[in-house]
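Data first, discussion second: the structure below is written as structure tokens.
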There are 2 protein chains.
Amino acid sequence: MNETLAPRAAGTTRSKFRPLSVDKVEVGGFFGPRLDTVSTVTARMLFDRCIDAGMLDQVDPDRPNPGIVIPFQDDNPNVTTQMFWDSDFGKSIEAAAYALNRTPDPELEARVDDVIDAYERLQQEDGYLNSWFIRIQPEKRWTNLRDQHELYNAGHMIEGAVAYFHVTGKRKFLEIMCRYADYIAEVFGPAAGQKRGYPGHPELELALVKLGRATGEQRYLDLARFFVDQRGQPPRYFDEEAIARGEKPEDFHFHTLEYCQAHRPVREQNAVVGHAVRAAYLYAGMADVATEFSDTTLDAPLDTLWRHLTEKNLYVTGGFGPSARNEGLTFDYDLPNETAYAETCAAVALVFWASRMLGRGPNGRYADVMEQALYNGALSGLSLDGKTFFYDNPLESRGGHHRWVWHRCPCCPPNISRLVASIGTYLYGVADDEIAVHLYNAGKAEIEVANTQVTLTQETRYPLDGAISITVETASEVAFTLSLRVPGWAGSASLTVNGDTVEAAARDGYLRLSRNWRSGDRVELTLGMEPRRIFAHPKVTPDQGRVALSRGPLIYCLEGVDNGSDLNSLVLADGAAIDTREEDILGGIVRLTAKAQRETWPDDALYRSGPPLREPAVLSAVPYYAWDNRDPGEMLVWLRREPGQ
Amino acid sequence: MNETLAPRAAGTTRSKFRPLSVDKVEVGGFFGPRLDTVSTVTARMLFDRCIDAGMLDQVDPDRPNPGIVIPFQDDNPNVTTQMFWDSDFGKSIEAAAYALNRTPDPELEARVDDVIDAYERLQQEDGYLNSWFIRIQPEKRWTNLRDQHELYNAGHMIEGAVAYFHVTGKRKFLEIMCRYADYIAEVFGPAAGQKRGYPGHPELELALVKLGRATGEQRYLDLARFFVDQRGQPPRYFDEEAIARGEKPEDFHFHTLEYCQAHRPVREQNAVVGHAVRAAYLYAGMADVATEFSDTTLDAPLDTLWRHLTEKNLYVTGGFGPSARNEGLTFDYDLPNETAYAETCAAVALVFWASRMLGRGPNGRYADVMEQALYNGALSGLSLDGKTFFYDNPLESRGGHHRWVWHRCPCCPPNISRLVASIGTYLYGVADDEIAVHLYNAGKAEIEVANTQVTLTQETRYPLDGAISITVETASEVAFTLSLRVPGWAGSASLTVNGDTVEAAARDGYLRLSRNWRSGDRVELTLGMEPRRIFAHPKVTPDQGRVALSRGPLIYCLEGVDNGSDLNSLVLADGAAIDTREEDILGGIVRLTAKAQRETWPDDALYRSGPPLREPAVLSAVPYYAWDNRDPGEMLVWLRREPGQ
């Protein structure tokens, strides 16, 4: 949808754009109530469920060793989800930190501290910290990076520690994780005697960049870069590790190291393959390394991977990875709707990847997809009441798809929760002399730019409408560039500064205002928010003869509760007007309606020699993120269409 | 498609219509070359492949015991396909018998006799005959009827024996199988000390009816009836048998006895469920019992099951059973095209079931479906050269679906082969004073009716065109009713007798000519063969906005070799004329062509705000049964359509 936005040429000299930490951004507007829900309901619930699942029994060395609580997988005997428990705690602590940032809660904070204390007691003399490999299978440390999430867990715990440090100022967990990271840096690296391994499930890479930024320690960035550079290098570490275990590399449950993007060095990877979440976490880490090291050799592979995803493998909801079998990619243009896996974690991971692509400079081709995944395929994973979760996010349902209270592999609930609760960090990218506004949402941000403290206040009902006002406050006049994203979907965009229309320089999908800013300067951007039709490439077979409706960043769907059953009996003419109506349901939405035709069938025959009959109907669409929050029923994103009025 | 054909009321007094044995019918016309191919190529090849697979090593007690050659299934450790080998031999002997009927071949006959001799040596003193349970697991006899195909094998061997007897007049195999059937009748039955079991995979029921008819022995019909009546009666035999093995009934691999239609007594079954082939074989046996015993208590369940299949679960090709997981049914209207399992054996089994439903009297609602399954979803299973086979028969392919040379579970190759090679037995149903012509195909039949020998000669190019001539020869004038089917799809039907237009009585989709017939009497029936469009019930989601093309009994498809790639980019207007052209390819076909539009896409974008562009195109369709016999490529049955010219 960004046909007009040419990619930035590789090798361009550039600034480093970094996100704000969560404590620097107050969030209101659209995300405000969602953040409140996650903070007051979900974050606490996640913590409860982790502990109810027995995770603290595994972590706390003062408790009886629980042993194997969840059996090894029947079809993949190298794995039990119990091996991932540290990551669930890591993400839940991260979500709890963001919750505490919004809503102080001494009781929750005390519970987090208890878990951190348990990890402190668990940590080994050498710094090693993994509850499974310390308490359940101590003899297996560092023997199966490919399958057993050992380094992945470290990544999520680091992210939790960084978040908890930013919000509470407490250093204990951060220091625990620094010790562990230092130990990992001893074990893994390019020097003689060090292992050449890397995470089977990428995640640690981007976490180490966060740790490096939070602590100012270059060695964590260097370790992230080592993992990125080493991945897929011959001889293949995961194969050698398998042989050392007495296994045949080709007996790998997924048969190809494409599954974990370790089939070749990252600079030689040219297609998004394998497990979707692993893929996007890896590419996020690559983009972070590209930013921090100004490593232009990663630009071409990142751009190739980005194009491969967005031009051939991305659902219109911003979800990806159609197959449940490998939780990932299959073949180009394979985007089935009803059976779409499109894991919530994959859309969340795509937000992460896209946000890191913006580290190399504001560019709408990345920010548009970040917004698309955020508002649609990610946000759909969380119910409006914050209590239930989608694991997979199909684009069509016959009525049997509903959110879960919990999952044996509970990766998605804390993942979407930590994303929503930290939404403030995705709004802006800050370089030495530039602030890029990637996303629009009411709220206030404290930003240091050009060595000056600046407060930006966004006032907007976005995405309910397209009027955005940004006010600058600063103690002293300061020169910087304020770059405002104009979404690729916007039919129009007008800009004023202090009430005067301005013609800002446009580049890569951003309007760039370079000037001396004074307190009280007010920028007003108005984006066209007309309902739009989206059509899919003819190679996407399931979408042929179909159209998706959208408005602003939101993809819409039909629900049975508004349209009755047999949603596929509705046909929308290309020329039919789409009307909008703001409604105070589902947390506040703009409903789309259109005159359509409903096909009917005169009898019980399965087949007839005449086409279905037709009667006038009105179709009524709501934002995809909000579906399955009312009476259960069918759902459909891609509606049947035909030419005509 | 038979909306006009009301079901015959249950309980009507009726004749028993039985098929002719294969030796009574000469076959020319459409099926002639196909029968030649099966006779000269396929039947021999099947025999070779059975023996190459090692089956004779398992059967012949004079050979070293091969033990377990094919491992037990990973996911269902009660089963190895080696347990089915007797059935493969049974079907292959049956196909060979029909081949010998058409094309005498002493060498093939000698090879069949060798296998029969081996079975003779294998047969136990008590009559028991099963190569797996005699040679590999002798301690397991009659311990797992549910999973291990023990009685199923007996059925296929009986069918083979009956066919071989009819064709060659040799009695050895027939007598071997009578001894085995007699032993089974000792073990299973309602008397004290007898087991209340029945086949886990139905098949023996219909085979016993064949055996009863061939031998004139009522006890085989009685045993068939016992198995039908006993099935699903409480306490459930398969559950008790599982408990006796030390297994929990609920651990059944398929979790429900619906899988094998043993969940309740057959007269209480009201939905087609579970494994598709098992289902249709069972219902065929039920219909046979209904015919032979004039058992009207089976009419209502059979009609309910028939309606459930044909009104909610039948592919337009006559295939059924959409899911590979259970090789069977899922939920109503679940008829995906690209992932359709629609096993060849299921379409073959539906021909069997439909043909048995005609035992209760000619009725187009059954004969139409028999023809539909025969010419489409069954015949597609066999390549035109007779050498390769489809196991599953999707209605759409992206280009990767092709026939196999062989299969680890080689049930389909001999099944479609025996059907084609015995096609003559499906053309007519004969009662005391009535001959029903169910299918039209050139050839000659020797029929005893009203105690008189009559020869019927069909002359027709059907289904290339709809002109059918039937000539009667008889030594003496004889009164009987000749009932001629008028297919539900026929747009028109005109009938003459000796050149004079007649108004025959029409009932249940047949024109009934009751008269004194003399040699030389000539009936001419002309059926309208205009190309037709078929539309599916709106609840069949994948077919919405789509149309299938047909002509006569044949369903058509697009192939890549005629239409290029991206078949889903073609759109056919409802008003577009469909032209026909006879061509001497694919064994002789009528090609359908129509002006259509091809959608194109201007660039590499995955999504755009405008619909695809369009350019004029011509679509070209060939019969579905003939697909994948030329250059490999895409295939599509349900074409995109829209209203208009």
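All values below come from the heavy atoms of this structure, side chains included, with hydrogens, waters and symmetry mates left out.
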Checklist entry - Between A/Ser569, A/Gly545, A/Pro538, A/Pro611, which residue shows the highest count of heavy-atom pairs closer than 4.5 Å to chain B? => result A/Pro611
Checklist entry - What part of A/Thr310 gets closer than 4.5 Å to chain B, counting heavy atoms only: side chain, backbone, both or neither? => result backbone
With heavy-atom distances below 4.5 Å as the criterion, would you say the side chains of [X] and [Y] are in contact?
X: B/Pro612; Y: A/Phe535; result: yes
X: A/Lys539; Y: B/Asp566; result: yes
X: A/Leu606; Y: B/Val540; result: yes

Working to the nearest 0.5 Å, report the span between [atom1] of [X] and [atom2] of [Y].
X: B/Thr541; Y: A/Asn337; atom1: OG1; atom2: CG; answer: 11.5 Å
X: B/His537; Y: A/Asp604; atom1: NE2; atom2: CG; answer: 6.5 Å
X: B/Phe331; Y: A/Arg398; atom1: CZ; atom2: CZ; answer: 4.0 Å

Answer with side chain, backbone, both or neither: which region of [X] has an atom nearer than 4.5 Å to a non-hydrogen atom of chain A?
X: B/Glu396; result: side chain
X: B/Asp74; result: neither
X: B/Leu567; result: neither
X: B/Ser565; result: neither

Item to check | Residue pairs involving residues 636-645 of chain B (criterion salt bridge (charged side-chain N to carboxylate O under 4.0 Å, His left out); sequence neighbours excluded) | outcome: A/Glu599-B/Arg641, B/Asp574-B/Arg641, B/Glu599-B/Arg640, B/Arg614-B/Glu642
Checklist entry - Would you say B/Tyr607's side chain and A/Glu311's backbone share a donor-acceptor pair under 3.5 angstrom? => result no
Next on the checklist: For A/Glu615, is the CD atom crowded, meaning more than 12 foreign heavy atoms sit under 6.0 Å from it?
Outcome noted: yes
